[in-house]
There are 2 protein chains.
Amino acid sequence: MKTAVKQRTYQGEQTHKEILKAAIDIASAEGLEGLTIGRLAGELKMSKSGLFAHFGSKEELQLATVEAAREIFVQEVITPSFPIERGLPRLQSMLEAWVSYMEKSLFKGGCFFAAVSAEFDSRPGPVRDRIVALIKSWLDTLEDEVREAQSRSQLNMRIDPAQVGCEVHAVVQEANRAYQLLRDRRAFDRARQAIRWAIESAAVSVTPRVAN
Amino acid sequence: MKTAVKQRTYQGEQTHKEILKAAIDIASAEGLEGLTIGRLAGELKMSKSGLFAHFGSKEELQLATVEAAREIFVQEVITPSFPIERGLPRLQSMLEAWVSYMEKSLFKGGCFFAAVSAEFDSRPGPVRDRIVALIKSWLDTLEDEVREAQSRSQLNMRIDPAQVGCEVHAVVQEANRAYQLLRDRRAFDRARQAIRWAIESAAVSVTPRVAN
DNA sequence: CCTACCGATCGGTAGG
DNA sequence: CCTACCGATCGGTAGG
């Protein structure tokens with residue numbers, strides 16, 4: 001009896017995970033609104049209401065999908081950089097992990113957060129609020145590591161940490177867009193190059209972009 | 001009789017323009033799929049089928065909306081820079097016009113092309129094809145002006161024009177995203193600053209980002 | 001430009 | 001987890 005219950009709970013959890021994996025894939029390509037319950041049920045060969053039972057509403061499904069995507073992002077991009085020394089080394093490590101993660105094209109539609117942040121930037125509600133908070137927090141993490149690099153004399157004290165954070169964020173996002181739209185894989189190395197220049201030009205002693 | 005016909009044609013054209021103006025506004029905020037015929041008809045206080053008569057299908061409406069948005073972009077960003085001397089001056093003029101155009105927030109959801117390119121990057125079809133072609137053409141325009149600046153000895157011959165084109169494109173897109181998502185108006189000046197640095201570090205004689 | 005429809009699909013519920 | 005529904009809305013059509 002006890003085993004059966006446990007079995008069912010384990011099965012339920014597995015199903016839950018499978019649903020969210022498929023949901024991230026669909027949402028990265030067609031958005032969190034394009035993620036309809038019927039579409040998702042069809043993909044998983046489940047009934048609509050069977051799937052629906054796992055979540056109370058479409059909004060709850062969207063929020064759970066955002067959370068699942070967040071966990072993968074943290075695991076792929078942030079956690080591997082924890083052992084790295086703080087300051088410039090960790091900043092570079094996180095940025096390289098981020099570019100690699102995009103280059104691997106883990107999800108059908110590329111970066112999940114790039115897709116859904118554009119989709120929800122004008123749709124008020126808890127889903128937008130959560131997406132905004134996560135992106136803000138990632139920008140803060142980058143900015144903070146720039147500040148740490150300054151305090152360790154790895155970057156010039158006179159540059160604005162927010163400015164450098166935004167610049168590196170910008171070029172990585174551009175790589176995702178260029179790849180998704182133009183299918184140009186050179187976009188990833190361009191992002192790496194742009195990151196190097198953004199960091200070098202903020203260094204304590206500036207190295208020119210090209211030899212003159 | 002003839003006047004009446006002309007009148008009706010003129011009226012029809014006016015209505016057509018009004019529809020597309022509203023369509024761009026809705027699509028910039030809620031996407032070209034969120035632009036439903038019922039929603040658009042409601043906004044314009046027309047019947048669904050009355051509005052539908054102007055276009056043969058939803059796809060035709062989407063394509064017409066993309067074209068209308070393109071015309072506004074050309075008029076706001078590209079045309080004003082035609083009188084400017086080619087090379088670095090024209091490049092800077094186009095980029096400043098682009099940032100200003102975003103800062104003005106002409107449409108409800110910010111940059112139309114930022115919104116719909118993210119939405120359609122995984123939806124094959126003529127709408128995606130058209131959006132991709134327009135974005136490709138804008139990137140080519142920027143890259144071409146970098147090349148012109150090189151041939152006029154305003155930028156270093158050893159830098160890659162595509163790299164600089166992508167970088168400036170990236171930082172302007174980042175400004176739109178940051179403003180739409182975080183409502184931080186400093187994003188526009190950060191974009192201007194990032195453009196200056198991208199250009200300065202590609203100049204014939206490099207100026208450091210900060211005085212050392 | 002309108003009214004009056006069509007089948008399909010949406011999010012969601014009842015009941016098991 | 002299922003079948004069998006609900007009202008609302010979707011893109012689109014007929015006929016005027």
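Below, chain A is the first sequence line, B the second, and so on; all start at residue 1. Being a predicted model, the structure only gives us computed values, none of them experimental.
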* Asked: Would you call the rings of Tyr101(A) and Phe107(A) parallel, tilted or perpendicular if under 30° counts as parallel and over 60° as perpendicular?
  -> perpendicular
query: Using 30° and 60° as the class limits, which term best fits the ring planes of Phe55(A) and His16(A): parallel, tilted or perpendicular?
result: tilted
Give a yes or no on whether the ring-centroid distance for Phe73(A) and Trp138(A) is below 6.0 angstrom.
yes
Heavy-atom nearest nucleotide on DNA chain D taken for Lys48(A) and for Ala53(A); more 5' hit belongs to Ala53(A)
Residue set satisfying side-chain contact (heavy atoms from CB on, under 4.5 Å) with Phe188(A), at least two apart, ordered chain then number -> Val99(A), Met102(A), Glu103(A), Ala175(A), Tyr179(A), Arg185(A), Arg192(A)
Check whether more than 12 heavy atoms from other residues, nucleotides or ligands sit under 6.0 Å from atom [atom1] of [X], and answer yes or no.
{"X": "Lys17(A)", "atom1": "NZ", "value": "no"}
{"X": "Arg90(B)", "atom1": "CZ", "value": "yes"}
{"X": "Lys136(A)", "atom1": "NZ", "value": "no"}

Quick one about Glu96(B) and Ser100(B) (side-chain donor to acceptor, distance below 3.5 Å, no hydrogens or angles considered), yes or no? yes
Would you list the atom pairs, donor with acceptor, under 3.5 Å between side chains in residues 118-127 of chain A and any protein atom, with sequence neighbours excluded?
residue, atom, partner, partner atom, Å
Glu119(A), OE1, Leu32(A), N, 2.7
Glu119(A), OE2, Leu32(A), N, 3.2
Glu119(A), OE2, Glu33(A), N, 2.9
Arg123(A), NE, Glu119(A), O, 3.3
Arg123(A), NH2, Glu30(B), O, 3.2

Here the residues of residues 14-47 of chain B within 4.0 Å heavy-atom distance, strictly under, of DNA chain C are Thr15(B), Met46(B), Ser47(B)
First and last nt of DNA chain D near chain B, cut-off under 4.0 Å to heavy atoms, 5' to 3', are dC10(D) to dT13(D)
Pairing string of DNA chain D (Watson-Crick or G-U wobble, both atom distances under 3.5 Å; | = paired to other strand) is ||||||||||||||||
Residue set satisfying side-chain hydrogen bond (donor to acceptor under 3.5 Å, both in side chains) with Gln154(B), at least two apart, ordered chain then number -> none
